[in-house]
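Notes follow the structure.
Everything quoted here is computed from the prediction, not taken from an experiment. Below, chains carry the letters A, B, ... as their sequence lines are ordered, and counting in each starts from 1.
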Protein chains: 2
Amino acid sequence: MSGVRAQQKEKTRRLLIDAALSQLSAERSFSNLSLREVAKEAGLAPTSFYRHFTDMDELGLTLVDEAGLTLRQLMRQARQRIAKGGSVIQISVETFMELIESNGNVFRLLLRERSGTSAAFRAAVIREIRFFTMELCDYLQQANALDAEVAYMQANAAVTIVFSAGSDALDIDDKDERELLSKQTIQQLRFIARGAAELSDRRKAAKKSQK
Amino acid sequence: MSGVRAQQKEKTRRLLIDAALSQLSAERSFSNLSLREVAKEAGLAPTSFYRHFTDMDELGLTLVDEAGLTLRQLMRQARQRIAKGGSVIQISVETFMELIESNGNVFRLLLRERSGTSAAFRAAVIREIRFFTMELCDYLQQANALDAEVAYMQANAAVTIVFSAGSDALDIDDKDERELLSKQTIQQLRFIARGAAELSDRRKAAKKSQK
DNA sequence: TAATACAGTGTACGCGTGTACGCTTAATTG
DNA sequence: CAATTAAGCGTACACGCGTACACTGTATTA
């Protein structure tokens, strides 16, 4: 039941996925990648593509799924590092920046398709980012004992800032400049954390005095 | 010297620009707009396009320029409203959201080309956004007497948050939901403002005690 | 072992693309 | 008024695209 055939099929499917992923770059987005190019890179005849995906769109959604997976791995890695002690914000930003350096194209895929022309893609990307945001939200709420709504707004703002910084980092070659960007990003996240903590406190005080 | 001919040429040039602009939408980005389509929409033969632009890229850069102009108009309008009194942050966000509702496609152009595949486009968009950020930075520095570096980080974070909210707003039809988004954005900007003010104060205190 | 299912191939088609080239026609120039 | 300039047009070309269709060879099934 393992199936030599099914195994082979899965293998070529991966070949297609990897081919698409490997063709992404600063000057090449998924949406201007053609079915023929991907098939060729994978070493297949164009028409063989259809044995695995009905559409380039279907392949694209698979790619977005994989990118979401990468995002979750990032989260896990950051958590592990944080457990060993140190500034939460600093470790998170540094971990994120490492991801961007090693997986630039995956990250680019998310950034581009988030504002792309396919509603399905946009929805898929937004879903992944929301998931990421929610996980951060839970963490903030627990770790800092924040008001739920405040925690959400902080998580949301933080993710926005970090993703934007990541996008900028993709266009920076100079190492010192990247470091500067990281430092600024960390500072910006601290702004947000400070403002959020304060609002949360004020809300708690208001609730108490009402009782 | 006014030139009936030159005037006519300028008119058709605008026809092309407007044609391109009018074809932009949620499901149509500039980069998947063809020269022929634009020419057709403008009521011209495909080859006539070349009398005005060497390239679709050249047209695109012109569009980005126009978008930058729109951004500057926005700034001016917000300033006027602020002068009449009210919460600076609230008025700014509301003004921005109005722009997005009336000029969604112009805004989409900026968002998309910022992470697009053409280095020239990316540079042009980043330039416009930086200009916008710097103007806000000057304002913050003056109005709130902030440390220069802190003002920059605040301006940068604020623009990031507002643009991201704008991007989200483009996908929201429901009016109540938009209002909620606006409120959250305002709150997030206040987080940042609070954090920035505090850091600026701390820096000033440090400088004084050194003297 | 014979029949079947199916991954992968090769050919062929119509379509939309960018653009080279020569033409027309009217404003500009001398 | 004659010569020139230049905006806009029409034709024509090669190209890459998605995909329909009929095929081959091999793992799976009965």
Distance in angstrom units between [X] [atom1] and [N] [atom2], rounded:
X: A:Leu59; N: D:dG18; atom1: CG; atom2: P; value: 12 Å
X: A:Phe53; N: D:dG18; atom1: CZ; atom2: P; value: 15 Å
X: A:His52; N: C:dT9; atom1: NE2; atom2: C1'; value: 13 Å
X: B:Arg13; N: D:dG8; atom1: CZ; atom2: P; value: 12 Å
X: A:Gln7; N: C:dC6; atom1: CD; atom2: P; value: 18 Å
X: A:Lys40; N: C:dG10; atom1: NZ; atom2: C1'; value: 15 Å
X: B:Lys9; N: C:dT28; atom1: NZ; atom2: C1'; value: 14 Å
X: A:Leu44; N: D:dT19; atom1: CG; atom2: P; value: 16 Å

In terms of heavy-atom contacts, does [atom1] of [X] have more than 12 from other residues, nucleotides or ligands at under 6.0 Å?
X: B:Arg194; atom1: CZ; value: no
X: A:Glu98; atom1: CD; value: yes
X: A:Arg178; atom1: CZ; value: yes
X: A:Arg28; atom1: CZ; value: yes

Please tabulate the protein-to-nucleotide N/O contacts below 3.5 Å involving nucleotides 23-27 of chain D, giving atom names and distances.
unit_1 : atom_1 : unit_2 : atom_2 : d
D:dT26 : O2     : A:Arg5 : NH1    : 3.4
D:dA27 : O4'    : A:Arg5 : NH1    : 3.2
D:dA27 : N3     : A:Arg5 : NH1    : 3.2

(request) Evaluate the ring planes of B:Phe163 and B:Phe132, with Trp represented by its six-membered ring, and classify them as parallel (under 30°), tilted (30 to 60°) or perpendicular (over 60°). (result) perpendicular
(message) In the structure I gave you, are the side-chain heavy atoms of A:Glu94 and A:Met97 within less than 4.5 Å of one another anywhere?
(response) no
Can you tabulate the close N/O pairs, meaning under 3.5 Å, that link protein atoms to atoms of nucleotides 16-20 of chain C?
unit_1 : atom_1 : unit_2  : atom_2 : d
C:dT17 : OP1    : B:Ser34 : OG     : 2.8
C:dG18 : OP1    : B:Leu35 : N      : 2.9
C:dG18 : OP2    : B:Leu35 : N      : 3.4
C:dG18 : OP2    : B:Arg36 : N      : 3.2
C:dG18 : N7     : B:Arg36 : NH1    : 2.3
C:dG18 : O6     : B:Arg36 : NH1    : 3.0
C:dT19 : OP2    : B:Tyr50 : OH     : 2.8
C:dT19 : O5'    : B:Tyr50 : OH     : 3.2
C:dT19 : O4     : B:Arg36 : NH1    : 3.1

(request) Flag the pair B:Glu66 and B:Arg14 as a salt bridge only when some basic side-chain nitrogen lies within less than 4.0 angstrom of an acidic carboxylate oxygen. (result) yes
(message) Any carboxylate oxygen within less than 4.0 angstrom of a Lys/Arg side-chain nitrogen, looking at B:Arg79 and B:Glu135?
(response) yes
(request) Identify whether NZ of Lys or CZ of Arg in A:Arg72 sits under 6.0 Å from the centre of the six-membered ring of A:Phe131 and within 45° of that ring's axis. (result) yes
(request) Ignoring backbone atoms, test whether B:Ser48 places a side-chain nitrogen or oxygen under 4.0 Å from the OP1 or OP2 oxygen of D:dC9. (result) yes
